[in-house]
2 protein chains.
Amino acid sequence: MMVEQDGDLTDKCAQVRKRCSSTTREAILDSAMRRFARHGFECSGVREIAADAGVTAALVNRYFGSKEGLFAAVIERAFDVGDLLECDPAELARRLAVHIVRSRENRQGDKPTPLLLLLRTAAEPGAVNLLRQNLDRNFVGKLAARLEGPDTQHRAAMVAALMTGFATLDQSLKCSAIEEDDRQRLIEKMTGYLDQWIRG
Amino acid sequence: MMVEQDGDLTDKCAQVRKRCSSTTREAILDSAMRRFARHGFECSGVREIAADAGVTAALVNRYFGSKEGLFAAVIERAFDVGDLLECDPAELARRLAVHIVRSRENRQGDKPTPLLLLLRTAAEPGAVNLLRQNLDRNFVGKLAARLEGPDTQHRAAMVAALMTGFATLDQSLKCSAIEEDDRQRLIEKMTGYLDQWIRG
DNA sequence: ACAGGAAGTCAACGAGCGTTTACTTCGTGA
DNA sequence: TCACGAAGTAAACGCTCGTTGACTTCCTGT
């Protein structure tokens, strides 16, 4: 019941890839990222993840100990926002808006699914604790540190809330009112919304 | 692994409840609502749901055909926002803010879990289509109809996005920056945020 | 009071899951 | 070159899940 047909997510290099643990590890992390972001933790089977990476399920457990261990590794990598927040505060809102809106374009692309998609797993008992810690530490905390004025923690949390909610409605629920907008218009609007909290 | 201990959700009336299909149906819907909202669709077992309602799993399928049928019935009931939106537009923002913030208080209470918690299931393949339709029809659509000015659909969607994101961070991820605020302060802030979109 | 039908139970099924063990295949340093 | 350890596979285990069909229990209209 309710099967969702995926495209061919199989790593094209898998057929010719040499035996190399680090490369394979990365391939597994990539396909796990895509699966978890698309279907959540519970709905992603290790067999599917492994198949996407061109290996078998047994190898996933060999490298990551368990499915939960794999998820932890994915989260750790995904919440590394890199230099996303490192810019002029005046540019921050636009940068975040581009980041969250642009992700719509990657829906069928082969690029790794963006950070916010991982919030799809926010309901799942095994995932929520890992997510919470990483969100606090790697996003809200870092963003708050770059804000000025009062209530930086709270404002940063609200930025995360808006981004989360937007991503949910846009990418998961595919809310029609959002879907009808074009990309540039969405970026403009989101920039304005986010800026209100960033400025304070 | 990762078992989450629930309180005793069992319907206390179950032991003495007379045999009555409609009453039992409602009891099943109630416990299903709580389970789905807390753990999502895939992580909620029909055996647990049935046990909470004081019956067996077989009866759930008897009444609702399947687990998916049960979910559809829950969604249908949950997205009936009733008269939530029917008020002076100037009061709308506060009303929605109270609705979404107040739900924190019910976390361990015995009241039915509020509407927005259902968005926890937004990642699950079998749930997302049902959710999308009901969200568009019963919330965004109705809210947009009550707004004035341009872009009513889009602004209504943004209200839903903020509420969704806030609910996710607050009730699912339990983001610390939000959790530290007290209830009244949160309501004030959310009212302001929501009002910006409602006014246009 | 009692038959009949509705309400509810019980036990088992088949499928899918994560995981493990024993095995095979490959890359590479001496 | 070739043996040895790393990389990867195959198959099965135990468990849980949703679902089903035959069964029992209770309420109710006559």
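Since the structure is predicted, the reported quantities are computational estimates derived from the model, not experimental observations. Per chain, numbering begins at 1; letters A, B, ... match sequence-line order. Worth knowing before you read on, the calculation uses all heavy atoms, side chains too, and leaves out hydrogens, waters and symmetry mates.
Residue Ser22(A) is classed as having no contact, given no heavy-atom separation below 4.0 Å to the nucleic acid. Across all strands, Thr23(B) comes closer than 4.0 Å to no nucleic acid atom at all (heavy-atom distances). Contacts of Tyr63(B) with the nucleic acid, taken as non-hydrogen atoms under 4.0 Å apart, involve only primed sugar atoms and P, OP1 or OP2. If you check every strand for non-hydrogen atoms under 4.0 Å, Thr56(B) touches a base.
Atom CG of Asp30(B) sits about 10.5 Å away from atom CG of Asp52(B), to the nearest 0.5 Å.
When the P atom of dA7(D) is taken as reference, atom CZ of Phe64(A) falls 13 Å away, rounded to whole Å. Computed from coordinates, the Ile28(A) CD1 to dG18(C) C1' distance equals 15 Å when rounded to whole Å. One interatomic measurement links the two molecules: CZ of Arg47(B) to P of dA11(C), which rounds to 13 Å at whole-angstrom precision. Rounded to a whole Å, the CG atom of Leu59(A) is 12 Å from the P atom of dA10(D). Spacing between atom CD of Glu68(A) and atom C1' of dC17(C) amounts to 15 Å, rounded to whole angstrom units. Rounded to whole Å, atom P of dG8(D) lies 17 Å from atom CD1 of Ile49(A). As rounded to whole Å, 10 Å separates atom P of dG18(D) from atom CG of Leu70(B). Computed from coordinates, the Phe71(B) CZ to dT19(D) P distance equals 14 Å when rounded to whole Å.
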- Scoring nucleotides 20-30 of chain C by protein non-hydrogen atoms under 4.0 Å (B base, S sugar-phosphate only, - none) yields B----BS----
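Counting heavy atoms from C-beta outward, Tyr193(B) and Phe166(B) have side chains that stay 4.5 Å or more apart. Under the 4.5 Å side-chain criterion, counting only non-hydrogen atoms from C-beta, Leu194(B) is not in contact with Met158(B). A heavy-atom distance below 4.5 Å is not found between the side chains of Arg95(A) and Asp88(A).
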- Let me see the working for Phe36(B) and Ile75(B) under side-chain contact (heavy atoms from CB on, under 4.5 Å), right down to the final yes or no. CA-CA 10 Å; Phe36(B) 286 150; Ile75(B) 289 289; over 6 Å; no
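In this model, the phosphate group of dG8(C) is approached by a side-chain N or O of Thr24(B) to a distance below 4.0 Å at OP1 or OP2. In this model, the phosphate group of dA7(D) is approached by a side-chain N or O of Ser21(A) to a distance below 4.0 Å at OP1 or OP2.
Between Glu76(B) and Asn134(B), the closest heavy-atom pair is OE1-OD1, 3.6 Å. Closest non-hydrogen pair, Cys175(A) versus Ala157(B), comes out as SG-CB, 4.2 Å.
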